K.L.:
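Please see the structure below; I have some questions.
Everything numeric here is computed off the predicted structure, so don't read it as measured data. Chain letters run A, B, ... following the sequence lines, proteins first and then strands; every chain starts at 1.
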Amino acid sequence: MLPASKRLTKDKDIKRVNKAGQSYFSPLFKLKYLANDKSLSRFTVVVSNKVSKKAVLRNRLRRQLREIIRLNLKKIKSGHDIIVSVKSQSLGKTYQDLENSLNLALKKSKLLK
RNA sequence: AAAGGAAGUUAUGGUCAUUUAAAAAAGCGUAUUCAAAAAAGUAUAGACAAAUAAUAGAAUUUAGAAAGUGGGGGGAGGAAAGUCCGAACACCAUAAAGCGGUAGUGGGUAACGCCCACCCUUUUGCUGGUAACGGUAAAAGAGGACCAGUUCCACAGAGACUAUACAAGUCAGUGCUGCGCACUGCAAAUUCAAAAUUCAAAACAUUAAAUUCCAAAUAAAUUAUUUGUGAUUUGUGAUUUUGGACUUAUAAUUUUCAGCGCGUAGCGCUGGCCAAAUGUGAAAAGUGUUAAGGUGUGCUGUGCUGAAUACGGGAUAUCCCUUCAGCGUAACGCUUCUUAACUCGGCUCCUGGUGACAGGAUGUCGUGGUAAACUCUACCUGGUGCAAUGCUAAAUUUGGUAAGCAGCAUGAGCUGUUUGGCAACAAACAGUCAAGAUAGAUGAUCAUCAUCCAUCACUUUUAGAAAAAGUGAGGGAAUACAAAAUUCGGCUUAUCAGUUUGCUUGGACA
RNA sequence: CGGGGUGUGGCGCAGUUGGCUAGCGCGCGUCGUUUGGGACGAUGAGGUCGUGGGUUCGAGUCCCACCACCCCGA
């Protein structure tokens, strides 16, 4: 779990990012990011009902992704709000696959230091 | 197949996180809070709008304390799921009706569409009976009312429920049409038919005349007379036929049309009788079953009578077997009627039960199905849902949008014992406190152990195999179904291994 | 948390209210037509009406439960 200060919680903020943010599409994820005026980066992971009907699978995906972000926090640039939307292709993937794919996506969208 | 249960949630260790309550050691450290000093009673009027009064009152800096971090404790389910039903709680509304829901009886419950017990029905097994049906066990059942009204019941069938209908048959009356017969009328065509008179021709008749053949008789002798018969001619005619003329009634006949009557056929209409069986269909005018008798009928056998001689066979050769038809008869089957016995159900009465209902008695009766069709009856039912709602909110009051906090974990609670009850369940006593997130916690990842799965090898049991158990090897799974979203009670659905019960199959022993 | 809808041949849809033949268009196969193709004509195949129960003589249709998909509100 991320520290509370690094979570993107408010509905207002998320809508703002979705509307004005930049997008990056990878095979497994869809990234949305926007610069904020704070010294921290804030994250959220979205797993739609359409990915799977089973809450167990959705929750597991979300936890794994959050863990990946938490472990890689030092590499990521600060001062951004980032939304990670999960596609249904990532359902059967292992932890390693997810980590590699997300790192690649962050690199391509120039969010890594 | 079912039941109940949830077995790694405290298995161990490494790395790294999140939420929460109480208490607090070192170290770290100042985003937050507290009080102190300065800033300063200065700026400002403090997320928004309005009003009031003249109050309220920072940021920032310094050094502290609390708190934080650190360390330690707790942290998903039997279904948390589906969201089908019932409640708690909150606000709004509050007269009835309507909409909607439920449906055997009694009990349980805060309540329920849930649970328990019982009743009834159905199905299946066993069993008694010739059978209808009865008894018993298990399973299943949305199980009020079709004597309030309405709907629907395909195809088939006379008819699917008022048997005044429909169809067929039959009788009577009657309409139309066709045909036949008779009559009447109109029109057209044909004939002038018929009668009277008259003329002509032909036929016929002639007891008119003449001539003549033949025969007979008489007289004479080769002819005459007479008679008869036939022929011819002429004449005649109350005759017939044909043709012509004229007169009368203007007629008759035929055809068409129209009218009327009778008969007959067809198609209708009205009324009466019949309205049954077979058959149809899931169901047939209504409780069924059995027995006896009667009726009808089917099939088979058989006797008699008649017919046939195509095929086949025989022979004593216009026949027999055979085939067909009719009549009789016997057995069997089916239908219906009558009688008897039994059976099911309703009504009435009696007995038992809180009740659904059950048992019995006597007599009597025998109303199609469909309400998971509308409907009727009885009972229940106001609406919206925790994103309800309340509170805080930089002077005060009012408003209440963003935000935050509460609602929110002591409850129709859980565990155990005893008592009451067939049970569901209830009461008493004792013990106990066990998740609380909100872009959403209760975990991510790596390794080990336990556990499970199948395969192979070995060992034990055995005569041997199979099966079972154990050991080992390498491999797989890392647990199934599935994650609180205000909270409870149910229902429904999902679910690996193991356990229990039932059923099935195989083996061994008796 | 709550409300609504859909599921019928390969595709798109009727039939469901009101129970008794499962149909239409496109597509597909075969044959004809054409030098060949298209178009056209003829002909044929293809369905357990999402799944499982129930009511009924009879269920795509009525009732119950479940599955999948879609939409809406706070």
Side-chain angles (χ1 to χ4, degrees):
Chain A
M1 199 66 191
L2 294 165
S5 57
K6 300 196 175 170
R7 296 185 219 161
L8 188 61
T9 60
K10 297 287 183 286
D11 192 53
K12 226 185 222 170
D13 296 334
I14 291 168
K15 275 181 180 164
R16 188 170 55 83
V17 173
N18 262 330
K19 232 177 187 177
Q22 287 186 300
S23 305
Y24 175 77
F25 295 90
S26 89
L28 302 186
F29 316 105
K30 167 190 166 190
L31 290 185
K32 272 268 185 182
Y33 54 95
L34 185 68
N36 59 12
D37 50 0
K38 300 204 165 72
S39 60
L40 292 170
S41 277
R42 298 185 297 179
F43 303 89
T44 191
V45 179
V46 175
V47 185
S48 163
N49 233 359
K50 293 184 181 177
V51 174
S52 171
K53 298 285 280 184
K54 300 184 177 180
V56 175
L57 299 180
R58 278 188 269 121
N59 282 349
R60 184 171 163 82
L61 267 179
R62 187 153 51 182
R63 282 199 221 99
Q64 286 179 327
L65 284 171
R66 277 201 295 242
E67 192 71 11
I68 290 164
I69 291 168
R70 192 178 62 80
L71 293 174
N72 293 305
L73 260 183
K74 291 178 184 170
K75 297 183 193 166
I76 299 172
K77 285 182 185 169
S78 53
H80 290 279
D81 289 343
I82 300 171
I83 300 176
V84 182
S85 295
V86 179
K87 295 186 185 176
S88 55
Q89 281 87 340
S90 53
L91 251 186
K93 296 290 188 293
T94 62
Y95 179 80
Q96 281 302 321
D97 289 344
L98 291 175
E99 185 168 20
N100 291 339
S101 178
L102 186 61
N103 274 333
L104 191 70
L106 289 171
K107 201 176 192 179
K108 291 263 185 182
S109 39
K110 297 174 183 173
L111 289 169
L112 292 181
K113 280 177 185 170

K.L.:
Identify whether the glycosidic angle of G46(B) places it syn (within 90° of 0) or anti.
P.N.:
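This nucleotide is in syn.
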
K.L.:
Just verifying a value: how many Å separate Leu104(A) CG and Tyr24(A) OH, rounded to the nearest 0.5 Å?
P.N.:
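Going from CG on Leu104(A) over to OH on Tyr24(A), the span is 5.5 Å.
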
K.L.:
Tell me if A14(C) is syn or anti. Syn = glycosidic torsion within 90° of 0, anti otherwise.
P.N.:
anti

K.L.:
Rounding to an integer number of Å, can you tell me how far Lys32(A) NZ sits from A439(B) P?
P.N.:
21 Å

K.L.:
To the nearest 0.5 Å, tell me how far Gln22(A) CD sits from Leu31(A) CG.
P.N.:
11.5 Å

K.L.:
As a quick check of understanding, evaluate side chain to side chain contact (heavy atoms under 4.5 Å, CB included) for Val46(A) and Val86(A), giving each step before the final call.
P.N.:
CA-CA 6 Å; Val46(A) 175; Val86(A) 179; over 6 Å; no

K.L.:
For RNA chain C, what string of dots and brackets results from 5' to 3' when Watson-Crick and G-U pairs need both distances under 3.5 Å, crossing pairs get [ ], and pairs with another strand get |?
P.N.:
((((((((.[[[[.).......]]]].(((((.......))))).....(((((.......)))))))))))).

K.L.:
Please give the nucleotide sitting opposite U121(B) as a Watson-Crick or G-U wobble pair, both distances under 3.5 Å, or none.
P.N.:
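The base-pairing partner of U121(B), which may sit in any strand shown, is A140(B).
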
K.L.:
Given the C1' atoms of G281(B) and G58(C), what is the spacing between them in whole Å?
P.N.:
13 Å

K.L.:
In whole Å, what separates the P atom of G77(B) from that of G489(B)?
P.N.:
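It comes out at 15 Å once rounded to the nearest Å.
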
K.L.:
Write down the distance separating the C1' atoms in G2(C) and G46(C), rounded off to the nearest Å.
P.N.:
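Taking atom C1' in both G2(C) and G46(C), they lie 43 Å apart.
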
K.L.:
Roughly how many Å apart are C374(B) and G125(B), using the P atom of each and rounding to a whole number?
P.N.:
37 Å

K.L.:
Only pairs with both distances under 3.5 Å count, Watson-Crick or wobble alike; so what is the partner of U83(B) in this structure?
P.N.:
none

K.L.:
Is the glycosidic angle of G411(B) within 90° of 0, making it syn, or outside that range, making it anti?
P.N.:
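Anti.
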
K.L.:
Using the C1' atom as the reference point in each nucleotide, state the distance between G399(B) and A393(B) in Å, no decimals.
P.N.:
14 Å

K.L.:
Regarding Val46(A), tell me which of base, sugar-phosphate or nothing describes its non-hydrogen contacts under 4.0 Å with the strands shown.
P.N.:
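Since a base atom lies under 4.0 Å of Val46(A), the category is base.
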
K.L.:
For nucleotides A193(B) and A252(B), find the distance between their P atoms and express it as a whole number of Å.
P.N.:
15 Å

K.L.:
Does A7(B) pair with anything, Watson-Crick or G-U wobble, both distances under 3.5 Å, and if so, with which nucleotide?
P.N.:
none

K.L.:
Searching all strands shown, indicate the nucleotide that pairs with G328(B) (Watson-Crick or G-U wobble; both distances under 3.5 Å).
P.N.:
U302(B)

K.L.:
Provide the distance between the two C1' atoms, one in A478(B) and one in C453(B), to the nearest whole Å.
P.N.:
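Their C1' atoms lie roughly 12 Å apart.
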
K.L.:
Once you apply the 3.5 Å cut-off to both distances, tell me the Watson-Crick or G-U wobble partner of G134(B), or none.
P.N.:
U127(B)

K.L.:
Whom does C214(B) pair with, Watson-Crick or G-U wobble, provided both distances fall under 3.5 Å?
P.N.:
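Paired with G228(B).
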
K.L.:
With both distances under 3.5 angstrom, what nucleotide forms a Watson-Crick or G-U wobble pair with C192(B)?
P.N.:
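Across all strands, not a single nucleotide pairs with C192(B).
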
K.L.:
Nearest 0.5 Å, please: how far is OH in Tyr33(A) from CG in Leu106(A)?
P.N.:
10.0 Å

K.L.:
Rounding to the closest angstrom, what is the interatomic distance between A483(B) and C405(B) at atom P?
P.N.:
28 Å

K.L.:
When both hydrogen-bonding distances must be under 3.5 Å and the geometry is Watson-Crick or G-U wobble, what is A444(B) paired with, if anything?
P.N.:
U15(B)

